[in-house]
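Report on the following structure.
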Amino acid sequence: MDNEKTVRQPKQKRSIQMKEKILSAAMQLICDMGFFETTTNEIAKAAGISIGSLYSYFSDKDTILAELLERHHQHFMSVFEVLSTEMNVQLYSENLHEWLRRLVMKLIDLHLTVKDFNRALSELYYAKPEVAAILDSHEEEIRRAVLELLRENVSRVQADDLEAASVVIVDFINALVDRVVFKSTSIENERILDVGTDMLYTACFHKEN
């Protein structure tokens, strides 16, 4: 799967809009029917265009998925952009516990907006090695972003091995987010979020004075 196989990179407004219609239709169909049950003919029909027009933008269904994956990843990386603003950097410095809670909350909110697509990707992870490779590379980028935050504040981290700590933190947050987004329980999500944040903070960081 290679996003470079996209046939056409539109520059005109009308062409850009058509490409967006294709991606939007593909996203909805994949969420509703699953990737393997979705065909390019169905995508074209849902987008209101001819199959020939679709192929002028994307060479096949995999290239559509590749672009959706990249946009999906950038969607989540935007969390770190928001949390790197001056106000949130100050919060990170003054109240790390609250900063962590906001990080988890933002990730939960983002997952909820693309819940069905995340579920589809979970299935594709085990069915298509190329999808697994892309998702793994995206998670590695997130891990490196976490590692950079740890290195910038090394005096507050309890672990000596920052690289291993970044893996544990990412895995812990992923598990916490997945629990809230995808699983039902008799315990309120707010309580799970509070305890999860407390445990992450206590296990990984020195308390602020």
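One is the number of the first residue; the rest follow in order along the sequence. When reading the values below, keep in mind they use all heavy atoms of this one structure, side chains included, and skip hydrogens, waters and symmetry mates.
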Hphob cluster co-occupancy, [X] + [Y], side-chain heavy atoms under 4.5 angstrom:
X: Phe205; Y: Val168; value: no
X: Leu29; Y: Phe117; value: yes
X: Val167; Y: Met77; value: no
X: Leu110; Y: Ile134; value: yes
X: Leu135; Y: Leu124; value: yes

Spacing of [X] atom [atom1] and [Y] atom [atom2] [to the nearest 0.5 Å]:
X: Leu96; Y: Cys204; atom1: CG; atom2: SG; result: 9.5 Å
X: Met27; Y: Leu65; atom1: CE; atom2: CG; result: 9.5 Å
X: Lys128; Y: Asp62; atom1: NZ; atom2: CG; result: 4.0 Å
X: Leu23; Y: Glu67; atom1: CG; atom2: CD; result: 5.0 Å
X: Leu162; Y: Leu149; atom1: CG; atom2: CG; result: 11.5 Å
X: Ile142; Y: Asn174; atom1: CD1; atom2: CG; result: 7.0 Å

Would you say the side chain of [Y] lies within less than 4.5 Å of the side chain of [X], judging by non-hydrogen atoms?
X: His73; Y: Glu141; result: yes
X: Ile169; Y: Leu150; result: yes
X: Glu123; Y: Phe35; result: no
X: Phe172; Y: Val104; result: no

Enumerate the residue pairs fulfilling salt bridge (Lys or Arg N to Asp or Glu O under 4.0 Å) with a member in residues 171-183, sequence neighbours excluded, ordered by first and then second residue.
none

Indicate the atoms forming the closest heavy-atom contact of [X] with [Y], along with that distance.
X: Leu100; Y: Leu200; value: CD2-CD2, 4.1 Å
X: Lys19; Y: Tyr57; value: CB-CD2, 4.0 Å
X: Ser53; Y: Met18; value: CB-SD, 4.3 Å
X: Thr113; Y: His75; value: OG1-NE2, 3.5 Å
X: Asp60; Y: Thr40; value: C-CG2, 4.3 Å

Could you tell me which residues satisfy salt bridge (charged side-chain N to carboxylate O under 4.0 Å, His left out) with [X], sequence neighbours excluded, listed by chain and number?
X: Glu190; result: Arg101
X: Asp116; result: Arg119
X: Glu163; result: Arg151

Would Glu139 and Arg143 count as a salt bridge (charged side-chain N to carboxylate O under 4.0 Å, His left out) here? Give the steps.
CA-CA 6 Å; Glu139 183 161 300; Arg143 186 198 67 80; over 6 Å; no

Can you tell me if CG on Asp161 sees more than 12 non-hydrogen neighbours from other groups inside 6.0 Å?
yes

Verify the neighbour count for atom CE of Met33: are there more than 12 heavy atoms of other residues, nucleotides or ligands below 6.0 Å?
yes

Report the residue from His72, Arg71, Glu70 that forms a side-chain hydrogen bond (donor to acceptor under 3.5 Å, both in side chains) with Gln74.
Glu70

Give a yes or no answer on whether the side chain of Ser24 reaches the backbone of Glu20 with a donor-acceptor pair at less than 3.5 Å.
no

Between the side chain of Asn153 and the main-chain N/O of Arg156, is any donor-acceptor distance below 3.5 Å?
no

Looking at Phe76 versus His111, is the centre-to-centre ring distance below 6.0 Å?
yes

Show the atom names and distances, to 0.1 Å, of all donor-acceptor pairs under 3.5 Å that link a side chain in residues 41-49 to residues at least two apart or in another chain.
{"from": "Glu42", "atom 1": "OE1", "to": "Thr39", "atom 2": "N", "distance (Å)": "3.0"}
{"from": "Glu42", "atom 1": "OE1", "to": "Thr39", "atom 2": "OG1", "distance (Å)": "3.3"}

Test side-chain contact (heavy atoms from CB on, under 4.5 Å) on Leu68 and Ile30; report intermediate values, then the result.
CA-CA 11 Å; Leu68 289 174; Ile30 291 170; 4.0 Å; yes

Output every pair passing side-chain hydrogen bond (donor to acceptor under 3.5 Å, both in side chains) with a member in residues 27-37, not counting sequence neighbours, ordered by first then second residue.
Gln28-Asp32

